[in-house]
2 protein chains.
Amino acid sequence: MNTKSTRDHIIDAADQLFYQQGYNHTSFADISGAVKISRGNFYHHFKTKDEILGAVINRRITNTRTLLNSWEDETHSPAQRICCFVNILITNQTKIMQYGCPVGTLATELTKLHHSAQPEAVKLFTLFREWLSGQFTQLGHADRADALAMHLLARSQGIASLASAFQDAAFVKQEVDDACAWVLSLSQEVDQKCS
Amino acid sequence: MNTKSTRDHIIDAADQLFYQQGYNHTSFADISGAVKISRGNFYHHFKTKDEILGAVINRRITNTRTLLNSWEDETHSPAQRICCFVNILITNQTKIMQYGCPVGTLATELTKLHHSAQPEAVKLFTLFREWLSGQFTQLGHADRADALAMHLLARSQGIASLASAFQDAAFVKQEVDDACAWVLSLSQEVDQKCS
DNA sequence: GTCTATAGATTGATAGAC
DNA sequence: GTCTATCAATCTATAGAC
């Protein structure tokens, strides 16, 4: 299946560059340079920069759905699944220390630019939010599942933010362990009530 | 004292615009337009955009030092002082929901741009980090004061990030209360050991 | 110190040949 | 589908008159 279309290559390159350099700072020349096509050809596939952004966000939404489903398939307990989420910070540590969280940094940038695609970018957050909320419900905290989801989402955002500012891998490890322990404590809380 | 120099006015305007629009997206025309001076006059005061950025960061560092000192003067217990820090999220809620945290968003942007002033921007984080670390030491947690400082810094960053993404004031209130309760629990932990 | 005028590069975007 | 050539706007930055 090495038949990726030029359009797909453009989205690939734009996805990476938007993450690494930011949306605003990435020019058509940057993207067409990375794909090794002319700027003219570029406009055959995407009329405006916003159009590429939309395609990139849609791709990220699809990829996120796939990721969440894979966690659903590979693990058995909700606590394990939530820890899968927290562990993205370890899995993607190198990139996160260089460029921050791809979801958070894009949303922040689009908010500042008053960009019309901001709500679309926030959908990526919502995907994680609703999924986490579902896991916390399964964990036995249906009454405050959404608040717990937002709390964990905020913690992971904070860890990513400081990780990229201070370039501190030990801090990430510490905070991830801390967050997983917190998830476990929420799980045991329910066990105690049942016993 | 209404004798603010043009230079000061430029730094004022740049400070606000860098926060609201981001550094990269703010042009000389934006700044000179806000100060109502010509672009030519502008260059009399600052030769390059990086020079303005340096001045803005220096001003923010000075302002942060003043803020931290005021907390030191106005409150009596370290737990109270730490809660002063957490409460910035309430005090500046409107702006944070619009533009995020001024410290975090600038550091993130400069990191992505590989900008030479990134370490200077991170100094703003370090100021809070060291101050918080000192407060946690006074609270009786000298052994892990820096880790606690980083933890709280990360939490506030995460809250600011999600606040601007979701525009959710109730979430900010909830998380701030949560964080203050956490600080209080750390304070009582020590009281119990002493009694 | 403030202004106008302008250079030189880069930007997003278009037209049209192959 | 891919290319070259080009436009109009905007950007950082400079020169020089007042």
Side-chain angles (χ1 to χ4, degrees), chain A residues 1-57 59 106 109-110 112-118 120-121, chain B residues 1-57 59 106 109-110 112-118 120-121:
Chain A
M1 292 292 219
N2 209 356
T3 53
K4 238 183 196 175
S5 68
T6 303
R7 189 190 152 91
D8 284 332
H9 281 299
I10 291 174
I11 302 177
D12 273 346
D15 192 355
Q16 282 188 50
L17 287 168
F18 288 170
Y19 178 35
Q20 294 169 0
Q21 310 185 332
Y23 170 70
N24 200 276
H25 189 245
T26 301
S27 67
F28 284 0
D30 288 335
I31 304 173
S32 57
V35 186
K36 279 162 189 163
I37 58 167
S38 70
R39 263 177 296 177
N41 186 6
F42 190 96
Y43 280 93
H44 175 72
H45 298 281
F46 294 98
K47 306 296 174 198
T48 67
K49 203 179 171 183
D50 293 357
E51 227 174 275
I52 317 167
L53 178 61
V56 166
I57 294 176
R59 153 164 310 194
L106 181 64
E109 185 181 1
L110 297 184
K112 288 207 190 208
L113 297 177
H114 298 287
H115 197 287
S116 59
Q118 195 263 5
E120 280 300 305
Chain B
M1 293 294 215
N2 210 355
T3 54
K4 237 181 196 177
S5 67
T6 303
R7 190 190 152 92
D8 284 332
H9 281 299
I10 291 174
I11 302 176
D12 273 347
D15 192 356
Q16 282 188 51
L17 287 168
F18 288 170
Y19 177 37
Q20 294 170 0
Q21 310 185 331
Y23 170 70
N24 200 278
H25 189 245
T26 301
S27 67
F28 284 0
D30 289 335
I31 303 172
S32 57
V35 185
K36 279 163 189 163
I37 58 168
S38 70
R39 263 174 293 174
N41 185 6
F42 190 96
Y43 279 92
H44 175 72
H45 298 280
F46 293 98
K47 306 297 173 198
T48 67
K49 203 180 171 183
D50 293 357
E51 228 174 274
I52 319 168
L53 178 61
V56 167
I57 294 176
R59 151 163 311 197
L106 181 64
E109 186 181 1
L110 296 184
K112 287 208 191 209
L113 297 177
H114 297 287
H115 198 288
S116 59
Q118 195 261 8
E120 281 300 305

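Order of the sequence lines fixes the chain letters, A, B, ..., with proteins taken first and strands second; residue numbering starts at 1 for each chain.
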Note to self: Within the 4.5 Å heavy-atom criterion, are A:Phe18 and A:Ile57 side-chain neighbours or not?
What the structure shows: no
Next item on the list: Kindly say if A:His44 contacts the phosphate of D:dG1, meaning a side-chain N or O under 4.0 Å from OP1 or OP2.
Entry: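 Looking at the OP1 and OP2 atoms of D:dG1, one of them is under 4.0 Å from a side-chain N or O of A:His44.
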Margin query: Less than 4.0 angstrom between a side-chain N/O of A:His45 and OP1 or OP2 of D:dT2, yes or no?
Written below: yes
Next item on the list: Quickly work out the B:Asp8 CG to C:dG1 P distance and round it to whole Å.
Entry: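 Whole-Å distance recorded here is 12 Å.
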Next item on the list: Could you state the atom-to-atom distance from NZ of A:Lys36 to C1' of D:dC3 in whole Å?
Entry: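 About 18 Å, once rounded to whole Å.
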Next item on the list: Supply the atom-to-atom distance A:Tyr23 OH to A:Lys49 NZ, rounded to the nearest 0.5 angstrom.
Entry: 5.0 Å
Next item on the list: Determine the minimum heavy-atom distance between A:His45 and A:Glu51, stating which atoms define it.
Entry: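 Minimum heavy-atom separation between A:His45 and A:Glu51: O-OE2, 4.1 Å.
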Check: Taking all non-hydrogen atoms of both residues, which atom of B:Ala121 and which atom of B:Leu110 are closest, and how far apart?
Finding: CB-CD1, 3.7 Å
Note to self: Tell me the bend of the helix from C:dG1-D:dC18 to C:dC18-D:dG1 as the angle between end helix axes, each from five pairs, rounded to the nearest 10 degrees.
What the structure shows: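 The helix from C:dG1-D:dC18 to C:dC18-D:dG1 shows an end-to-end axis angle of 0°.
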Could you write out each protein N or O paired with an N or O of nucleotides 11-18 of chain C at a distance under 3.5 Å?
residue	atom	partner	partner atom	Å
C:dT11	OP1	A:Ser27	OG	3.4
C:dG12	OP1	A:Lys49	NZ	3.2
C:dG12	OP2	A:Phe28	N	3.0
C:dA13	OP2	A:Lys49	N	3.1
C:dA13	N7	A:Tyr43	OH	2.8

Item checked: Non-neighbouring partners of B:Ser38 that pass side chain to side chain contact (heavy atoms under 4.5 Å, CB included), sequence neighbours left out -> B:Asn41
Expected list for residues 24-35 of chain A: side-chain donor-acceptor pairs under 3.5 angstrom, two or more places apart:
residue	atom	partner	partner atom	Å
A:Thr26	OG1	A:Leu17	O	3.3
A:Thr26	OG1	A:Gln21	OE1	3.3
A:Thr26	OG1	A:Gly22	O	2.7
A:Ser27	OG	A:Ala29	N	3.4
A:Ser27	OG	A:Asp30	N	3.2
A:Ser27	OG	A:Asp30	OD2	3.3
A:Asp30	OD2	A:Ser27	N	3.1
A:Ser32	OG	A:Phe28	O	2.9
A:Ser32	OG	A:Ala29	O	3.3

Margin query: Suppose we screen for side chain to side chain donor-acceptor pair (under 3.5 Å). Which residues come up paired with B:Gln16, at least two apart in sequence or across chains?
Written below: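 So B:Gln16 forms no side chain to side chain donor-acceptor pair (under 3.5 Å) with any residue.
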Notebook entry, point to check: salt bridge (charged side-chain N to carboxylate O under 4.0 Å, His left out): which pairs involve residues 9-20 of chain B, sequence neighbours left out?
Noted result: B:Lys4-B:Asp12, B:Asp12-B:Arg59, B:Asp15-B:Arg60
